[in-house]
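This is the structure I have questions about; it appears just below.
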There are 2 protein chains.
Amino acid sequence: MRERTGTLSQLLELVWALGEDMSGALARDGLTVSRAHLLWELAARGPVTQRVLADAMNVSARTITGLVDGLAQTGFVTREPHPGDRRATLVTFTAKGSAMAESMVSGHAQLAEFLFAGMPRPVYEAFAAGLDHVMERLAEAGAAGKTEEARSR
Amino acid sequence: MRERTGTLSQLLELVWALGEDMSGALARDGLTVSRAHLLWELAARGPVTQRVLADAMNVSARTITGLVDGLAQTGFVTREPHPGDRRATLVTFTAKGSAMAESMVSGHAQLAEFLFAGMPRPVYEAFAAGLDHVMERLAEAGAAGKTEEARSR
DNA sequence: CAAGATAGTGAGCCTCACTCACTATGAGGA
DNA sequence: TCCTCATAGTGAGTGAGGCTCACTATCTTG
């Protein structure tokens, strides 16, 4: 039986490899991870204010301003006036932006197919169950984590 | 059966959650992910030159200079002269640094225990196998991706 | 010994986070 | 109505972590 620490290491390796793969692919499209994340959220919500994006992405309003600046300059989104609230702007896809969002969605699906292709059904099922388990444990740790400072000392 | 795209999403969620957890824990110790990574590599290799760290971490030499600056300033490492090559410096743990490295190792083991605790043996085995599978597929994609990238330039 | 490789760093640039201070606007209560 | 407080967004400034390019000091090798 493989050691648990080894499995965790492998999981972390996967985290890294996945990150590399994604940021590489995004860079080819002239995007960064954060900007892609914004497009992703935007695709899921339709035109929204920057405030909404900030909350969705768990990031400060100022950071959204910067990301939208970049995405607007590279032609993925535009800022449109909010009808009924002159303080707010609606972040809106350009044609290029929505094409990119669609391609991200299909890329996601293709990556999933590719990664799990040829994985025996029972292994897949257990893998998914294992993910559930780990996520749950992690959520617990997060909740308890505030008192759990002792672990790292 | 869960959809593959859903499982991929969950995997990405896990990536994110794991990253949050780790960077939070590290911040409590006055470290960042990159600096901790450097300490980790240093622990695995003993005193080495910055060049070696740059290669190990897949990062430019300049970046290592910055990370070592930070770690030296916060008292985790020192720069020692290399006996036999006066161009080079040996990055070396302070007492604080090696204590931290040890605590990172044991923290890693404890986290592994915690995450997999209560996972039925067969699920664990399949989970590990699934990780293998995904890593392999990703490696393939990476290998193929590089040629693709080269072509598009 | 002259040439070329290598180790490290200064300078300068980018992205992505943050906070703080500020403007403009919206909304609600007296 | 008008005054107050809340909210949306941005300018300014900071810090970490990447990068390249140019440069010094030092090996290494022909």
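In what follows, chains carry the letters A, B, and so on, assigned in the order in which the sequence lines appear, proteins first and then strands, with residues in each chain numbered from 1.
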Atom-to-atom span, CD of A/E80 to C1' of D/dA8 - whole angstrom: 17 Å
Atom-to-atom span, CG of B/L38 to P of C/dG8 - whole angstrom: 12 Å
Non-hydrogen side-chain atoms of A/M100 and A/L31 separated by less than 4.5 Å: yes
Residues forming a salt bridge (charged side-chain N to carboxylate O under 4.0 Å, His left out) with B/E113, sequence neighbours excluded: A/R4
Below 4.0 Å: OP1/OP2 of D/dT10 and any side-chain N or O of A/T65: yes
Protein-nucleotide distance (B/R79, atom CZ; C/dA7, atom P), rounded to Å: 15 Å
Side chain to side chain contact (heavy atoms under 4.5 Å, CB included) partners of B/V52, counting only residues at least two apart: B/R45, B/V48, B/T49
Touch class at under 4.0 angstrom, heavy-atom based, for B/T49 against every strand present: sugar-phosphate
Along DNA chain D (nearest heavy atom to each residue), the more 5'-positioned of A/A88 and A/D69: A/A88
Pair listing, ring-ring contact (aromatic ring centres under 6.0 Å, His included) test, anchored in residues 9-44 of chain A, at least two apart: A/W40-A/H108
Nucleotide C/dT15, atom C1' - distance to CD of A/Q73 in whole Å: 13 Å
Contacts of A/M135 that satisfy side chain to side chain contact (heavy atoms under 4.5 Å, CB included) - sequence neighbours left out: B/Q10, B/E13, B/L14
N or O in side chain of B/R51 less than 4.0 angstrom from C/dT6 OP1/OP2: no
A/L31 CG - C/dT15 C1' separation (whole Å): 13 Å
Separation of atom CG in B/L26 from atom C1' in D/dA16, rounded to whole Å: 14 Å
Spacing between A/H82 atom NE2 and C/dA27 atom C1', to the nearest angstrom: 15 Å
For A/R87, all residues meeting salt bridge (charged side-chain N to carboxylate O under 4.0 Å, His left out), sequence neighbours excluded: A/D85
Nucleotide-resolved protein contact map, nucleotides 18-30 of chain D, B/S/- at heavy-atom distance under 4.0 Å: SBB----BBS---
Side chains of A/E20 and B/L138 in contact at under 4.5 Å (non-hydrogen atoms): no
Between D/dG11 (P) and A/Q50 (CD): distance, integer Å: 11 Å
